[in-house]
Asker: 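The following block contains the structure, expressed as structure tokens.
No hydrogens, no waters, no symmetry mates; every other heavy atom, side chains included, goes into these values.
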Amino acid sequence: MAGLAAIFFTMILVNNYVLVQFLGICPFLGVSKKLDSAFGMSCAVIFVMALATAVTWPIQTYLLTPVNADGTPKWDLGYLQTIVFILVIAVLVQFIEIFLKKYVVALYNSLGVYLPLITTNCCVLAVTILVVGDYGADVAAHGFGYAYIEALICAIGAGCGFMLAMVMFSGVRKRVEACDPPAPFKGLPITLIAAAITSLSFMGFGGIVENLFNVTL
């Protein structure tokens, strides 16, 4: 359990996909103006990340790159990974879009074009691809079940990290909008500077999680 907790908090703080790896910047800058929109988008992203990982991990293991009992590959369709994963993500996003349009109309209208853009959000695609590389080897070492749980925890942690970045930066943008910066910095420039400073603040979490790993593992 301690190892899974370490994975979860690492994805939120140290390997935050938005503020550390700089993925998913488009919705980060476009939807973080209002707290409710930022929170709603984050919930949708968490759902897509978790469910996409839950679907793509077995596809990768059993359909794209399966192995025999002796560890030799049966066949290798890994070159189809990106295409297959994007199709899975697109289907999930369409499901969310239909659900919000029918039951949560206000949030659907607030998210606007950024909701279907989750399909091409590199943050979501990166999670599904990177968990395969990070925890794929654990299938042979610890079994499919444990590696599958690690992948899901990683995806959920990445989604929560996305939410943390969105909600926190929403508050930062409110403070920035209340200020009166010099004319050259108004608008997008001051927003990007604020995002950069927010990103720098996350670098201080590295040692904390490293110590967590040292203590627990």
Side-chain angles (χ1 to χ4, degrees), residues 1-18 20-21 23-24 27 40-100 103 115-165 209 213 216-217:
M1 291 299 293
L4 297 177
I7 293 173
F8 180 75
F9 287 108
T10 296
M11 296 310 301
I12 294 177
L13 301 175
V14 179
N15 293 329
N16 188 288
Y17 273 61
V18 178
V20 176
Q21 302 194 40
L23 299 171
M41 169 65 81
S42 300
C43 291
V45 168
I46 292 174
F47 177 80
V48 172
M49 281 185 177
L51 200 54
T53 301
V55 174
T56 56
W57 179 274
I59 290 176
Q60 176 72 26
T61 303
Y62 294 114
L63 295 181
L64 299 183
T65 56
V67 295
N68 295 310
D70 58 358
T72 58
K74 292 182 179 179
W75 59 78
D76 187 5
L77 300 177
Y79 62 92
L80 296 175
Q81 181 189 67
T82 302
I83 297 175
V84 172
F85 284 14
I86 288 178
L87 289 175
V88 171
I89 294 170
V91 170
L92 294 175
V93 171
Q94 284 298 312
F95 170 77
I96 293 176
E97 187 172 3
I98 293 171
F99 177 82
L100 293 181
Y103 297 105
L115 180 59
L117 282 179
I118 296 178
T119 302
T120 56
N121 188 343
C122 57
C123 187
V124 178
L125 180 61
V127 169
T128 58
I129 293 177
L130 292 178
V131 294
V132 172
D134 292 342
Y135 305 107
D138 290 347
V139 174
H142 303 290
F144 176 83
Y146 185 78
Y148 188 58
I149 292 173
E150 284 185 325
L152 291 178
I153 293 296
C154 179
I156 295 171
C160 292
F162 183 87
M163 174 180 284
L164 176 63
V209 179
F213 270 107
T216 57
L217 298 182

Asker: What distance separates Ile7 CD1 from Asn15 CG, expressed to the nearest 0.5 Å?
Answerer: 11.0 Å
Asker: Side-chain polar contacts of residues 44-56 - donor-acceptor pairs under 3.5 angstrom, sequence neighbours left out - could you list them?
Answerer:
from: Thr53; atom 1: OG1; to: Met49; atom 2: O; distance (Å): 2.8
from: Thr56; atom 1: OG1; to: Ala52; atom 2: O; distance (Å): 2.7

Asker: Only distances under 3.5 Å count here; give the side-chain donor-acceptor pairs of residues 76-94 to other protein atoms, sequence neighbours excluded, each with its distance to 0.1 Å.
Answerer:
from: Asp76; atom 1: OD1; to: Gly78; atom 2: N; distance (Å): 3.0
from: Gln81; atom 1: NE2; to: Gln60; atom 2: OE1; distance (Å): 3.1

Asker: Less than 4.5 Å apart, any side-chain heavy atom of Ile156 and any of Cys160?
Answerer: yes
Asker: Mind checking what makes side chain to side chain donor-acceptor pair (under 3.5 Å) contact with Thr61, not counting sequence neighbours?
Answerer: none
Asker: Which pair of non-hydrogen atoms, one from Ala165 and one from Asn16, has the smallest distance, and what is that distance?
Answerer: CB-OD1, 4.1 Å
Asker: With side chains defined as the heavy atoms from C-beta onward, is the minimum distance between Phe162 and Val127 less than 4.5 Å?
Answerer: no
Asker: Which heavy atom of Met11 sits nearest a heavy atom of Gly157, and at what distance?
Answerer: CB-C, 3.6 Å
Asker: In Å and rounded to the nearest 0.5 Å, what is the CG to CZ distance from Leu13 to Phe8?
Answerer: 9.5 Å
Asker: Rounded to the nearest 0.5 Å, what separation is found between the CD1 atom of Ile12 and the CZ atom of Phe9?
Answerer: 6.0 Å
Asker: Could you tell me the separation between the SG atom of Cys154 and the CG atom of Leu130, rounded to the nearest 0.5 Å?
Answerer: 8.0 Å
Asker: Is the ring pair Phe99/Tyr103 parallel, tilted or perpendicular, if the boundaries are 30 and 60 degrees?
Answerer: tilted
Asker: Search all heavy atoms of Gly24 against all heavy atoms of Cys122 and return the closest pair with its distance.
Answerer: N-SG, 3.4 Å
Asker: For the backbone of Leu63 and the side chain of Trp75, can you confirm whether one donor and one acceptor N or O come within less than 3.5 Å of each other?
Answerer: yes
